[in-house]
Amino acid sequence: MDTRRPLDGIRVLELAQVVAGPFCGTLMAEFGAEVIKTEMPGKGDDLRRLGPSEDGVSYWFAVDNRNKKLMTLDLRTSKGQEIVRRLVPKVDVVLENFRPGVLEKWGLGWDALHALNPRLIMARITAFGQTGPLRQGPGYAAIGSAFGGTWYLSGHADRPPARPTPVYPDYLTGLFTAFGVMAALRHRDATGEGQWIDAALYESAFRIMEYTTTFYGRQRVVRERGGLQHAGWPGGAFETQDRRFIVFTAPAQHLFERLCVMLGEPDLPKDPRFAGASERPKHIDVVLDMAARWFAARPFDKAMAELHTHDIPHSPIMSMADIFADPHFRAREMIVDVPSEIGPLPQPAVTPKLSRTPGRITHAGPALGRHTDEVLKGVLGMSDVEIAALRADGVV
């Protein structure tokens, strides 16, 4: 295994907070990029105050800002803006998630930064994008999932839509943005041309809607929430005799046939009600009721063994306690202890796993301003006197 990482030598300036932008930066940092994150002096990223914490350390911030260099910088000040301008020629990527026009007001928009560094990649993350009538709208993951259509599909058919969790539109947007940055870097390395990236939370949610967009566009059918799989195949969560939950899915004919054998109804696939995609959805409740009774009559271990024997895709619904005890998670080393200022923090491992140049984690998200002096000295060559003056003025 090579000790190098694929993004060694890439430097990122992260002007972003909360989840989507910082997650994008963390993905890059895990694979070798030097990510310099800026935070407001005395306040820091809002993520530091969300979720549980220990001795002033936010678990959420620690996992989504690992491997980065953190500096304080007040971007609202002219001196803070000048520091950004001095950093931009020395970086490959700028990540930002202010509302459209904010950076332009500070003289830090795309045109200004591109003039300083024609090879720059600038990724801009917002709730609704840089254009359109809602471009100035505020938003978080909940807004992205609601406007993007995924919230509508979440939950039971006989209940109000349920909020999808965790905040996956943020994480999806961070992932899509990281992919966009990789594509833009490849283009830049081939041509020397920089470019900017427009990523929106609602569009990340909308992008994963499976066939739903085409289904409505071609047939004007609004897909509704509920337990049905694609084309009415059976599946869902079922409670066992000992009150544990198992999920199975049978989204293909051969899986449906195996399921029917397991349920004790091997001839059911020949029934005209279940033989084709047009009729099956109308009668699928019959199969779901059979499945519910089957699971309710068996303890968890017995049901799991039967699903395994019949080779039907399945899983227990895992709590975090289940995950920590699970041998597959252990074998894959998916929970790692990450060094932090309060001791090792169990966190998800780097994903995905590269065979030659895998990513790695060096430290959890550090304390506010931990690397301010290091960045100003090491990257910009500032003296202690200059840094002290900036600190006295509240710029850093």
Side-chain angles (χ1 to χ4, degrees), residues 52 59 63 150 153-159 162-168 171 208 210 225-271 273-275 277 280-281 283-338 344-353:
Y59 294 159
V63 70
T150 51
L153 295 178
S154 298
H156 297 282
D158 59 347
R159 302 178 198 174
R163 176 175 179 166
T165 55
V167 291
Y168 71 86
Y171 289 107
I208 63 165
E210 302 169 344
R225 59 191 165 277
L228 290 184
Q229 304 290 309
H230 314 289
W233 294 108
F238 296 86
E239 188 174 12
T240 61
Q241 190 179 63
D242 45 356
R243 303 187 66 80
R244 297 181 67 181
F245 287 91
I246 298 174
V247 167
F248 79 84
T249 182
Q253 183 65 27
H254 68 286
L255 295 174
F256 181 55
E257 291 170 0
R258 291 179 195 168
L259 174 68
C260 293
V261 170
M262 187 185 79
L263 296 178
E265 298 286 348
D267 294 329
L268 198 63
K270 301 173 185 177
D271 187 318
R273 295 175 298 168
F274 305 104
R280 190 186 310 111
H283 307 285
I284 201 67
D285 283 347
V286 174
V287 181
L288 297 179
D289 288 343
M290 287 180 184
R293 291 195 300 272
W294 187 91
F295 280 96
R298 288 162 177 79
F300 174 84
D301 290 343
K302 174 66 174 175
M304 289 287 289
E306 289 287 328
L307 287 161
H308 178 75
T309 297
H310 290 87
D311 201 20
I312 297 167
H314 65 281
S315 172
I317 294 183
M318 304 282 276
S319 71
M320 192 52 66
D322 296 327
I323 287 172
F324 265 72
D326 185 78
H328 189 80
F329 273 84
R330 287 200 303 271
R332 297 278 295 171
E333 299 180 334
M334 274 306 299
I335 301 172
V336 294
D337 286 330
V338 177
L345 297 179
Q347 295 184 354
V350 175
T351 303
K353 304 177 187 298

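Nearest heavy-atom pair, L259 versus A250, reported as atom, atom and distance to 0.1 Å: CD2-CB, 4.4 Å. P266 approaches P269 most closely through the heavy-atom pair O-CD, 3.3 Å. Between A303 and I246, the shortest heavy-atom contact is CB-CD1, 3.8 Å. Nearest heavy-atom pair across V336 and P348 is CG2-O, 4.2 Å. The minimum heavy-atom distance linking G235 with L288 is given by the pair O-CD2, 3.7 Å. Across all non-hydrogen atoms, the minimal contact from P164 to S154 is CG-OG, 3.5 Å.
Between E265 atom CD and K270 atom NZ the span is 12.5 Å, to the nearest 0.5 Å. We find the CD1-CH2 distance between I284 and W233 to be 8.5 Å, quoted to the nearest 0.5 Å. Rounded to the nearest 0.5 Å, atoms CZ (R298) and CG (L307) are 10.0 Å apart. To the nearest 0.5 Å, atoms CZ (F329) and CG (D322) are separated by 9.5 Å.
D326 places no side-chain N or O within donor-acceptor distance of the main-chain N or O of I323, the cut-off being under 3.5 Å. W294 places a side-chain N or O within donor-acceptor distance of the main-chain N or O of M262, the cut-off being under 3.5 Å.
Contact check for P346 versus F324: side-chain heavy atoms found under the 4.5 Å cut-off. Looking at heavy atoms from C-beta onward, Y168 lies in side-chain contact with T150 at the 4.5 angstrom threshold. Annotation: side chain of R159 is not in contact with side chain of R225 (no heavy-atom distance under 4.5 Å). Between R293 and L263 the shortest side-chain heavy-atom distance does not fall below 4.5 Å. With a 4.5 Å cut-off on side-chain heavy atoms, H314 and H308 count as touching.
Under the side chain to side chain contact (heavy atoms under 4.5 Å, CB included) criterion, A237 pairs with V247, I317, not counting sequence neighbours. Legend: residues meeting side chain to side chain contact (heavy atoms under 4.5 Å, CB included) with A297, ordered by chain and number and at least two apart, are absent. Legend: residues meeting ring pair (Phe, Tyr, Trp, His ring centres under 6.0 Å) with F238, ordered by chain and number and at least two apart, are F248, F295. With sequence neighbours excluded, the residues that form a side chain to side chain contact (heavy atoms under 4.5 Å, CB included) with R330 are P327. When the side chain to side chain contact (heavy atoms under 4.5 Å, CB included) test is applied to P316, the partners found at least two apart in sequence or on another chain are F300, M304, M318.
Applying the salt bridge (Lys or Arg N to Asp or Glu O under 4.0 Å) definition to pairs two or more places apart or across chains, those involving residues 304-319 are R258-D311, K302-E306.
Comment: R273 engages D271 in a salt bridge, judged by a side-chain N to carboxylate O separation of less than 4.0 angstrom.
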